[in-house]
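Right, one structure below, let's go through it.
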Number of protein chains: 2
Amino acid sequence: MTASSATRPARERLLTAAGELFYESGIAATGVDAVLARAGVSPATMYAHFAGKDGLVAAYLEERHTTWRQTWDAVLAEHRDPVDRLLSVFDAVARFRQQQGTRRGCAFLAAATELPSGHPGQRWLAADSRLLTGRLHDLAVAAGLPDPEAVASTLLLCYDGALSGYARAATTPGLPVDDPIGRARRLAADWLATRTG
Amino acid sequence: MTASSATRPARERLLTAAGELFYESGIAATGVDAVLARAGVSPATMYAHFAGKDGLVAAYLEERHTTWRQTWDAVLAEHRDPVDRLLSVFDAVARFRQQQGTRRGCAFLAAATELPSGHPGQRWLAADSRLLTGRLHDLAVAAGLPDPEAVASTLLLCYDGALSGYARAATTPGLPVDDPIGRARRLAADWLATRTG
DNA sequence: GTCTATACGGTGATAGAC
DNA sequence: GTCTATCACCGTATAGAC
């Protein structure tokens, strides 16, 4: 709190608090007050750094997008086999979730349902979709697979399905959730096997 | 339900308006005022029928859950082959979306990200998850498939992935979306084929 | 850059008449 | 049952001092 305020700038503390609260409780349901209280920052300071709540939301999504891309980059660098590189999206999101300590679903899909059209944060939802489809497409091409568009679409479908499983689990007590990401990876791998073989 | 009353009851008009606005614009982002204006109903009338906004939200989710289950029932009754019955969840959701004229993602997954814990509407999110996993499980048993829990989880993963595709498309202009439900159905069918053969 | 205090608007909810 | 009118609150944003 006071110690962290001496070490970390208000802007960073705001982004951290926003990331936690927006992700856990939802964007629309989280008031600016709650973010300010958690960050230990006054309203005026926030408005000196961000263009209102919308700007704070956009900055939160941008930071999350950047971190996610870097995590995927790191995992990608560990693999040389073309199919492993294609499937790395699942390993990367598993690592990302472990790093962030997240337990709910995809922050970008969640934001897609909450943000009104024209919101500055929309840009990062589109960036997430394009990063996923673009990379998966390119990796499919590199693997020499036919119809790389279909490969990207199918793997994205598995990816979204896995993350949606966590969203369901968070709101359905008792629902058995056994490693959706691992399940999605195996499903995608089996499907790829029928195309490479 | 019937046409006996001269004018459509206020309660029904409210549920219709709520269904359209909550689904299209999000629950938290939609004010009660907007629902009242679209339904042509006064505030007091709404509070005579529902226990506040939370009650209206819960009633909206309940109605959607009921309609969805009935649609699935109807599609299920058209098939006798065990695998077709298992895959009917995709045909049913395609028909449901056509009937409702929806273009966005899953209303229950969306609500899962928006509703705070303890909200009366949470019950219907859980009901949706349990309906899906329970039926898929039973249909897998009826089909004589091994590990019916895994079958249900994998098919639910495909189902959620397909609907998430529409959520992405709604917020990412230019993203190619070619029949996610059909893609999910084929993916699930291929995966089932490796288990039945 | 940061804080305290405050103004403003919108939203959920109620009272009372018809 | 339904409406008109109104209230009370909370969340967003700003003004001015340090």
Side-chain angles (χ1 to χ4, degrees), chain A residues 1-61 111 114-121, chain B residues 1-61 111 114-116 118-122:
Chain A
M1 313 209 179
T2 47
S4 63
S5 67
T7 52
R8 300 186 64 214
R11 182 189 163 87
E12 282 186 26
R13 294 197 316 247
L14 281 167
L15 279 177
T16 301
E20 293 166 350
L21 290 175
F22 287 155
Y23 180 76
E24 285 295 326
S25 309
I27 293 173
T30 300
V32 174
D33 301 7
V35 178
L36 295 174
R38 177 175 276 241
V41 169
S42 71
T45 302
M46 194 213 91
Y47 285 95
H49 285 285
F50 302 98
K53 181 180 179 177
D54 288 354
L56 181 60
V57 169
Y60 144 66
L61 290 172
E114 291 205 72
L115 301 190
S117 64
H119 191 286
Chain B
M1 204 177 220
T2 79
S4 58
S5 42
T7 66
R8 203 143 154 271
R11 183 189 161 87
E12 282 186 25
R13 295 204 312 267
L14 281 167
L15 279 177
T16 301
E20 292 166 351
L21 290 174
F22 287 156
Y23 180 75
E24 284 296 326
S25 309
I27 293 173
T30 300
V32 174
D33 302 7
V35 179
L36 296 174
R38 176 176 277 242
V41 169
S42 70
T45 302
M46 194 214 91
Y47 285 96
H49 284 285
F50 302 98
K53 181 180 179 178
D54 288 355
L56 181 60
V57 169
Y60 144 68
L61 291 172
E114 292 205 72
L115 300 191
H119 192 286
Q122 290 269 15

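In what follows, every chain begins at residue 1, and chains take the letters A, B, ... in the order their sequences are listed.
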To check you understand the geometry: which heavy-atom pair defines the closest contact between [X] and [Y], and what is its length?
| X | Y | result |
| --- | --- | --- |
| B:V35 | B:A17 | O-CB, 3.8 Å |
| B:F50 | B:A59 | CE2-CB, 3.5 Å |
| A:V41 | A:A10 | CG2-CB, 3.9 Å |
| A:A28 | B:A28 | CB-CB, 3.5 Å |
| A:T30 | A:A34 | CG2-CB, 4.3 Å |

Let's see if you get this right: which residues in residues 22-30 of chain A place a heavy atom under 4.0 Å from DNA chain D?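 Output list: empty, so none.
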
When you measure from every atom of DNA chain D, which of residues 50-57 of chain A have a heavy atom less than 4.0 Å away?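 Residues of residues 50-57 of chain A under 4.0 Å from DNA chain D: A:G52, A:K53.
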
Nearest-angstrom distance from the residue atom [atom1] of [X] to [atom2] of [N]:
| X | N | atom1 | atom2 | result |
| --- | --- | --- | --- | --- |
| B:L14 | C:dA13 | CG | C1' | 15 Å |
| B:L21 | C:dT11 | CG | P | 13 Å |
| A:M46 | C:dT2 | CE | P | 13 Å |
| B:R8 | D:dT2 | CZ | P | 13 Å |
| B:H49 | C:dA13 | NE2 | P | 16 Å |
| A:L36 | C:dT2 | CG | P | 13 Å |
| A:Y47 | C:dG1 | OH | P | 19 Å |

Pairwise distance [atom1]([X]) to [atom2]([Y]) - rounded to 0.5 angstrom:
| X | Y | atom1 | atom2 | answer |
| --- | --- | --- | --- | --- |
| A:M46 | A:R13 | CE | CZ | 14.0 Å |
| B:R8 | B:L15 | CZ | CG | 9.0 Å |
| A:L21 | A:R38 | CG | CZ | 4.5 Å |
| A:H119 | A:I27 | NE2 | CD1 | 7.0 Å |

Once each nucleotide of nucleotides 3-8 of chain C is scored for protein heavy atoms under 4.0 Å, what B/S/- sequence comes out, 5' to 3'? BBB---

Taking the side chain as C-beta and beyond, is there a heavy-atom pair between B:V32 and B:L56 under 4.5 Å?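 Not in contact.
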
Given C:dT11, C:dA13, D:dT2, identify the nucleotide with an atom nearest to the side chain of B:D33.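 Of C:dT11, C:dA13, D:dT2, C:dT11 is nearest to the side chain of B:D33.
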
For B:Q122 and B:P116, indicate whether the former's side chain and the latter's backbone hold a donor-acceptor pair under 3.5 Å.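 At least one qualifying donor-acceptor pair exists.
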
